[in-house]
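Each remark here refers to the structure printed beneath this line.
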Amino acid sequence: MSALATTDAVFYGRADATLDLDAAERITRTALDGTDDGELFLEYRETESISLEEGRIRAAGFDTALGFGLRAVLGEETGYAHAGELSEAALTRAAATVGAIRNGRSGNGAEPPRRTNARLYADANPLADDGFAARAALLADIDAYARARDPRVVQVMASVNGEWQAVQIIRADGSRTADLRPLVRLNVSVVVERDGKRESGTHGLGGREGYSRLMTPETWQAAADEALRQAVLKLDAVDAPAGEMEVVLGAGWPGILLHEAIGHGLEGDFNRKKTSAFSGLMGQRVAASGVTVVDDGTLPDRRGSLTVDDEGTPSGRTVLIEDGILTGYMQDRLNARLMGVRPTGNGRRQSFAHVPMPRMTNTIMMPGRDSRADMLASVKRGLYAVNFGGGQVDIVSGKFVFSASEAYLIENGRVTAPVKGATLIGNGPDSLTKVMGVGDDMELDPGIGTCGKSGQGVPVGVGQPTLKLRGLTVGGTASP
């Protein structure tokens, strides 16, 4: 069954809804008549979460959400109304609300997005089976496994989360687009203790897939082993040095720094409004030679991927920076129209209760030709940052502060002691010009990213090869 046929069954003729397809199309057509753009966004979502702590299931939940968002766009203005129900009466009220945006004006209706037959992930609902008990038992197995691996383990926390989202998008001309989106994630945290000192490590993984991969012993045991490795490593960590130094960033998840410090500044709305550090720099050099950055929503089964975005535009692969030159921005339909360019499939929203905006999907720095070993060997004194925790970034200035959850000293070309309390402080656009080496070992993150913007959170992916940068400021805890 096609995604459109499946969502027809989800949204129309429900016992708890009174909206049929004819009414949805008719009211949408009337509401958007005379506007530049807009759509009716229908959403049904199932979510499941199970968490274990102290050897017991501490929380378990299952929830459903059903509703619509109706948007009318005229010029730079947006009228939006939403409701947590599917009824002709609710949609009629929403149409009256968003229609007020016209106020005697008239726009030029935009062409609908092109269609696509691509499918980047399975349609099946991972929550539709009867495996809830098995997933709860999995968390108990993780707890027992981690404790058996090392006598220093004093606490294990594990959680599994699943989601299935069905969306249908209806436009004024009657064109319809649908998508069925699975999403799963496994998290493991381990606390170890030695001589009264406690440290923790965390690892997670997931993607747009079912639970089957996460349930295999080789997958969940590897996650527990990685969390344990990080925790044990921190027992011997020394205070991080402070000052300006060369930094080598690990491959994979450290791409979160690229996402936060650089990616947001390449979203269309910030550049249209000229509030990004990259505004007005199209076609100019913004990074060192060898730096190529793409946003790719077409990677199969990845957490940030989308067959179509939340406006119905097929996802794409957008080259943002090519060999150091700024070549593109990520666009939704509104900002693309106002900037005179094509949308790139980056119009995303958290739910039916939110308007779409330009958002990243999977943001990746492409591999270069340098080896990790050579880059590390070339550093006399510096920091090797392998994993990151939280951070903050200012979109306008590009300034960022990120904490490293796993990092090491580099001394005379050798990776030596693990360090704690290291933070990286810098400016995103400036840091791109300080790249001295781009590794040949690009990796994607394990599937755990969530991006926040304007109060909305959406799943994303990141990736990068090992990078060597000069002159970054490291904030540390070591005494001078």
Side-chain angles (χ1 to χ4, degrees), residues 45-65 121 125-150 153-165 181-193 198-232 234 252-253 256 301-304 350-351 387-390 405-406 444-452 457-462:
R45 189 190 304 251
E46 295 180 359
T47 55
E48 170 189 276
S49 62
I50 316 170
S51 62
L52 174 144
E53 188 175 347
E54 298 286 356
R56 299 179 179 180
I57 299 297
R58 288 294 185 184
F62 181 86
D63 193 22
T64 63
Y121 30 80
N125 182 351
L127 313 186
D129 62 23
D130 57 357
F132 188 91
R135 293 189 279 276
L138 167 67
L139 301 184
D141 290 342
I142 291 172
D143 179 271
Y145 174 81
R147 293 179 187 275
R149 295 287 284 175
D150 194 308
V153 173
V154 295
Q155 178 62 285
V156 178
M157 292 158 284
S159 64
V160 63
N161 300 274
E163 175 182 302
W164 187 71
Q165 181 193 29
R181 303 167 179 170
L183 191 66
V184 296
R185 177 171 170 172
L186 171 69
N187 266 34
V188 182
S189 294
V190 175
V191 179
V192 297
E193 182 175 9
R198 290 194 172 194
E199 295 290 352
S200 63
T202 300
H203 186 69
L205 67 156
R208 291 203 179 277
E209 56 184 313
Y211 280 119
S212 57
R213 181 175 68 94
L214 305 188
M215 300 287 288
T216 60
E218 57 267 31
T219 298
W220 61 259
Q221 288 177 5
D225 287 342
E226 175 60 17
L228 177 59
R229 183 194 67 82
Q230 292 183 26
V232 170
K234 293 176 183 177
W253 178 243
I256 191 63
D301 303 325
R302 299 303 303 181
R303 182 174 170 86
Q350 178 175 309
S351 75
N387 268 310
F388 283 96
S405 59
E406 180 182 353
L444 298 173
D445 78 283
I448 59 175
T450 297
C451 171
V458 295
V460 296
V462 298

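Computed from a predicted structure; not experimentally measured.
Taking both residues in full, the closest heavy atoms of Gly204 and Asn187 are given as CA-OD1, 3.6 Å, listed atom of the first, atom of the second, then distance. The two residues Thr202 and Ser189 have their closest heavy-atom pair at OG1-OG, 2.9 Å. Of all heavy-atom pairs spanning Val460 and Cys451, the tightest one is CG1-CB, 3.6 Å. When all heavy atoms of Ala158 and Ile142 are compared, the pair lying nearest together is CB-CG2, 4.2 Å. Scanning both residues, Ser200 and Val191, for their nearest heavy atoms gives CB-CG2, 4.0 Å. Contact detail for Trp253 and Val462: the closest heavy-atom pair is CE3-CG2, 3.8 Å.
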Query - Test log, rule side chain to side chain contact (heavy atoms under 4.5 Å, CB included), inputs Asn161 and Thr47 - result: CA-CA 7 Å; Asn161 300 274; Thr47 55; over 6 Å; no

- Task: Could you go through the side chain to side chain contact (heavy atoms under 4.5 Å, CB included) check for Leu127 and Tyr211 one step at a time?
- Result: CA-CA 9 Å; Leu127 313 186; Tyr211 280 119; 3.7 Å; yes

- Message: Under the criterion side chain to side chain contact (heavy atoms under 4.5 Å, CB included), I'd like the reasoning laid out for Arg149 against Val190: C-alpha separation, chi angles, the key distance, then a yes or no.
- Response: CA-CA 11 Å; Arg149 295 287 284 175; Val190 175; over 6 Å; no

| task | Any chance you could lay out the side chain to side chain contact (heavy atoms under 4.5 Å, CB included) test for Leu228 and Val192, step after step, and finish with the verdict? | result | CA-CA 8 Å; Leu228 177 59; Val192 297; 3.7 Å; yes

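Interatomic distance, Ile50 CD1 to Ile57 CD1, rounded to the nearest 0.5 Å: 6.5 Å. Here the CD-CG distance, from Glu46 to Asn125, works out to 4.5 Å after rounding to the nearest 0.5 Å. Here the CZ atom belonging to Arg208 is positioned 7.0 Å from the CD atom belonging to Gln165, to the nearest 0.5 angstrom.
Looking only at distances, no side-chain donor or acceptor of Arg303 sits under 3.5 Å from a matching main-chain atom of Pro446. Under a 3.5 Å cut-off, the side chain of Thr219 and the backbone N or O of Arg213 do form a donor-acceptor pair. Checking side-chain atoms of Asp301 against main-chain N and O of Glu209 turns up no donor-acceptor pair under 3.5 Å.
A search for side-chain hydrogen bond (donor to acceptor under 3.5 Å, both in side chains) contacts involving Arg45 returns Glu43, Glu163, not counting sequence neighbours.
With contacts defined as side-chain heavy-atom distances shorter than 4.5 Å, the pair Leu205/Leu214 qualifies.
Residue pairs meeting the salt bridge (Lys or Arg N to Asp or Glu O under 4.0 Å) criterion with at least one partner in residues 128-146, sequence neighbours excluded, are Glu48-Arg135, Asp129-Arg135, Asp143-Arg147.
None of Val188, Val153, Val156, Asp225 except one satisfies the side chain to side chain contact (heavy atoms under 4.5 Å, CB included) rule with Tyr145; the exception is Asp225.
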